[in-house]
Protein chains: 2
Amino acid sequence: MTDMSEDTKSIREMCDAFGVTPRTLRFYEAKELLFPHRDGQKRLFTKRDGARLKLILRGKRFGFSLEEIRQLLDLYHIGDQQITQLSRTFEIACDRLNDMVRQRDELNEAIEELQDQLKWGEKVIASMQSDQEAAE
Amino acid sequence: MTDMSEDTKSIREMCDAFGVTPRTLRFYEAKELLFPHRDGQKRLFTKRDGARLKLILRGKRFGFSLEEIRQLLDLYHIGDQQITQLSRTFEIACDRLNDMVRQRDELNEAIEELQDQLKWGEKVIASMQSDQEAAE
DNA sequence: CGTCCAGCTTACGTTAACGTCAAGATGCTG
DNA sequence: CAGCATCTTGACGTTAACGTAAGCTGGACG
């Protein structure tokens, strides 16, 4: 047994836990989204890294870029400092929300449009099939 | 007057008509999405190119990749041939529609989630601001 | 005739978020 | 000790859909 669970995870455990690749975790570290400790040269991911990663993945679902996520994460961290920065975060999030709403609305339009097209297409195919049958 | 409108458009007219850049049109030609004629070395875009471009742009709104769009366009063109191919097109479009619906639903979830977070954030900011005031 | 404008081709640049080697360190195990 | 797995750091590759710049051409205008 890898002894494990002294509250820190190896990179592999981390990957398995969150369904990402090692490359991704190193990448996130390089981008200063995660700050794993070290044992020698090996990374040790703490609970805090886990929490951050969870937020990162959620952020991605929201459609934030990693850079935006980094900023948001940084602002989580300050806690006591600059209110201005925090409300800036807030703005970013609001913007993103608006983007998402817009995007959704566009999607809804597109969906309807495409559904119409498909009805059309159904008819065409149907008629072509009867043509085919008629031709036999 | 550039005489124009002998049913063909120059690249610029085309761009103005559809709100794209020349680069884009050349790119689409390179990708075999459009087939403008030539007058010497200058491109002449026909009505057919216009129709195709309209479909291309719509396809993009739907979230199709240019490659997918090319395939769909090719299948429009056959007209008389293979029904199988046509229904294949149909399937692709259906798949895309399902993708879009899924995507929209995810977006809706994300939007709600983010809205919740924002309520949270509002409170935090409000309380911090009163802290700030209290500190002065 | 000069010059200006629109268009052409070729080709390298861009961005995001990793993937994919390569080469070396470390550690366990039989 | 050999071997193997797992980790590390670098560094270059990938994809999509164009952007951008350089250098050439051909016609129109004054």
Side-chain angles (χ1 to χ4, degrees), chain A residues 1-4 6 8-46 49 52-53 55-73 92 96 99 103, chain B residues 1-6 8-46 49 52-53 55-73 96 99 103:
Chain A
M1 300 174 200
T2 42
D3 168 37
M4 64 162 280
E6 194 214 75
T8 66
K9 294 180 182 178
S10 76
I11 197 170
R12 182 109 301 281
E13 290 166 340
M14 197 71 171
C15 289
D16 293 347
F18 289 91
V20 297
T21 70
R23 177 67 175 105
T24 299
L25 294 182
R26 298 195 191 104
F27 184 73
Y28 289 170
E29 184 182 359
K31 291 283 175 179
E32 302 190 86
L33 288 161
L34 297 178
F35 308 93
H37 298 157
R38 295 301 174 104
D39 165 26
Q41 67 170 349
K42 297 187 177 174
R43 288 170 176 80
L44 292 182
F45 292 86
T46 69
D49 290 313
R52 292 178 71 95
L53 182 52
L55 290 175
I56 294 170
L57 298 179
R58 187 191 316 179
K60 293 204 60 177
R61 288 206 314 277
F62 287 169
F64 288 98
S65 72
L66 291 184
E67 173 56 19
E68 288 171 320
I69 291 174
R70 194 186 57 73
Q71 292 179 27
L72 297 183
L73 247 37
I92 295 178
R96 195 75 263 287
D99 283 355
Q103 203 178 323
Chain B
M1 301 179 194
T2 44
D3 168 37
M4 65 164 282
S5 67
E6 194 216 76
T8 65
K9 294 181 181 176
S10 75
I11 196 169
R12 182 107 303 280
E13 290 166 340
M14 197 72 172
C15 289
D16 294 346
F18 290 92
V20 297
T21 70
R23 176 68 175 107
T24 299
L25 294 182
R26 298 192 192 107
F27 184 73
Y28 289 170
E29 183 183 0
K31 291 284 176 180
E32 302 189 87
L33 289 161
L34 298 178
F35 308 93
H37 298 157
R38 295 300 175 105
D39 165 27
Q41 68 170 349
K42 298 187 176 174
R43 288 170 176 78
L44 292 182
F45 293 86
T46 69
D49 290 314
R52 293 178 70 95
L53 182 52
L55 290 175
I56 293 170
L57 298 178
R58 187 191 314 178
K60 293 204 59 176
R61 289 206 314 278
F62 288 170
F64 288 97
S65 72
L66 291 185
E67 173 55 20
E68 287 171 322
I69 292 173
R70 194 185 56 73
Q71 292 179 28
L72 297 182
L73 245 39
R96 194 76 262 288
D99 284 355
Q103 203 178 322

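Hydrogens, waters and symmetry mates are skipped; everything else that's a heavy atom, side chains included, is used. Chain A is the first sequence line, chain B the second, and so forth, proteins listed ahead of strands; every chain is numbered from 1.
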### Query
side chain to side chain contact (heavy atoms under 4.5 Å, CB included) between A:R61 and A:R58: does it pass, once the steps are laid out?
CA-CA 5 Å; A:R61 288 206 314 277; A:R58 187 191 316 179; 3.6 Å; yes
### Message
For a side chain to side chain contact (heavy atoms under 4.5 Å, CB included) check, start with the C-alpha distance between A:L57 and A:L53, then their side-chain angles and the critical distance, and finish with the verdict.
### Response
CA-CA 6 Å; A:L57 298 179; A:L53 182 52; 4.1 Å; yes
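- In this structure, A:I56 places its CD1 atom 11 Å from P of C:dA17, rounding to the nearest Å.
- Taking A:R23 as the reference, nothing meets the side-chain hydrogen bond (donor to acceptor under 3.5 Å, both in side chains) condition, with sequence neighbours excluded.
- For the salt bridge (Lys or Arg N to Asp or Glu O under 4.0 Å) condition, the pairs that include at least one residue of residues 27-39 of chain B, sequence neighbours left out, are B:E29-B:R38, B:E29-B:R43.
- Using a 4.0 Å cut-off, no side-chain N or O of A:Y28 falls inside it from OP1 or OP2 of C:dA17.
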Provide a list of protein-nucleic acid N or O atom pairs under 3.5 angstrom, restricted to nucleotides 19-21 of chain D.
from	atom 1	to	atom 2	distance (Å)
D:dG19	OP2	B:T21	OG1	2.9
D:dG19	N7	B:R23	NE	3.0
D:dG19	O6	B:R23	NH2	3.0
D:dT20	O4	B:R23	NE	3.1

### Task
Might you work through the side chain to side chain contact (heavy atoms under 4.5 Å, CB included) test for B:K9 and B:D16, ending with a clear yes or no?
CA-CA 10 Å; B:K9 294 181 181 176; B:D16 294 346; over 6 Å; no
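- One can place CG of A:D39 at 10 Å from P of D:dT8, the figure rounded to the nearest angstrom.
- Here D:dC18 presents its P atom at 11 Å from CG of B:L53, a figure rounded to the nearest Å.
- Straight-line distance from the CG atom of A:L34 to the P atom of C:dC18: 11 Å, rounded to whole Å.
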### Message
Please evaluate residues B:I56 and B:L34 with respect to the criterion side chain to side chain contact (heavy atoms under 4.5 Å, CB included), reporting the C-alpha separation (whole Å), side-chain torsions for both, the decisive distance (0.1 Å), and the verdict.
### Response
CA-CA 9 Å; B:I56 293 170; B:L34 298 178; 3.9 Å; yes
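- In this structure, the side chains of B:Q71 and B:E68 stay at 4.5 Å or more apart for every pair of heavy atoms.
- Put simply, the side chain of A:F35 reaches to within 4.5 Å of the side chain of A:R52, judged on heavy atoms.
- Comparing the end axes of the helix from C:dC1-D:dG30 to C:dG30-D:dC1, each fitted to five base pairs by superposing C1' atoms of four pairs onto the next four, gives an inter-axis angle of 20° (nearest 10 degrees).
- Checked against side-chain hydrogen bond (donor to acceptor under 3.5 Å, both in side chains), B:T24 has the following partners two or more places apart in sequence or in another chain: B:T21.
- Taking CZ from A:F45 and NE2 from A:H37, the interatomic distance works out to 11.0 Å, rounded to the nearest 0.5 Å.
- Rounded to whole angstrom, the span from the CG atom of A:L25 across to the P atom of C:dA17 amounts to 15 Å.
- Summarising the geometry, the separation between CD1 on B:I69 and C1' on D:dA17 is reported as 11 Å, rounded to the nearest angstrom.
- Regarding B:K31, its NZ atom lies at a distance of 7 Å from the P atom of D:dA16, rounded to whole Å.
- Atom CD in B:E67 sits about 9 Å away from atom P in D:dA17, given to the nearest Å.
- The two residues A:V20 and A:C15 have their closest heavy-atom pair at O-CB, 3.0 Å.
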Contact list (N/O, under 3.5 angstrom) for nucleotides 4-9 of chain C vs protein:
from	atom 1	to	atom 2	distance (Å)
C:dG7	OP1	B:R12	N	3.4
C:dC8	OP1	B:R43	N	2.8
C:dC8	OP1	B:R43	NH1	3.1
C:dC8	OP2	B:R26	NE	3.2
C:dC8	OP2	B:R26	NH2	3.1
C:dC8	O5'	B:R43	NH1	3.2
C:dT9	OP1	B:R38	NH1	3.3
C:dT9	OP2	B:R43	NH1	3.0
C:dT9	OP2	B:R43	NH2	2.6

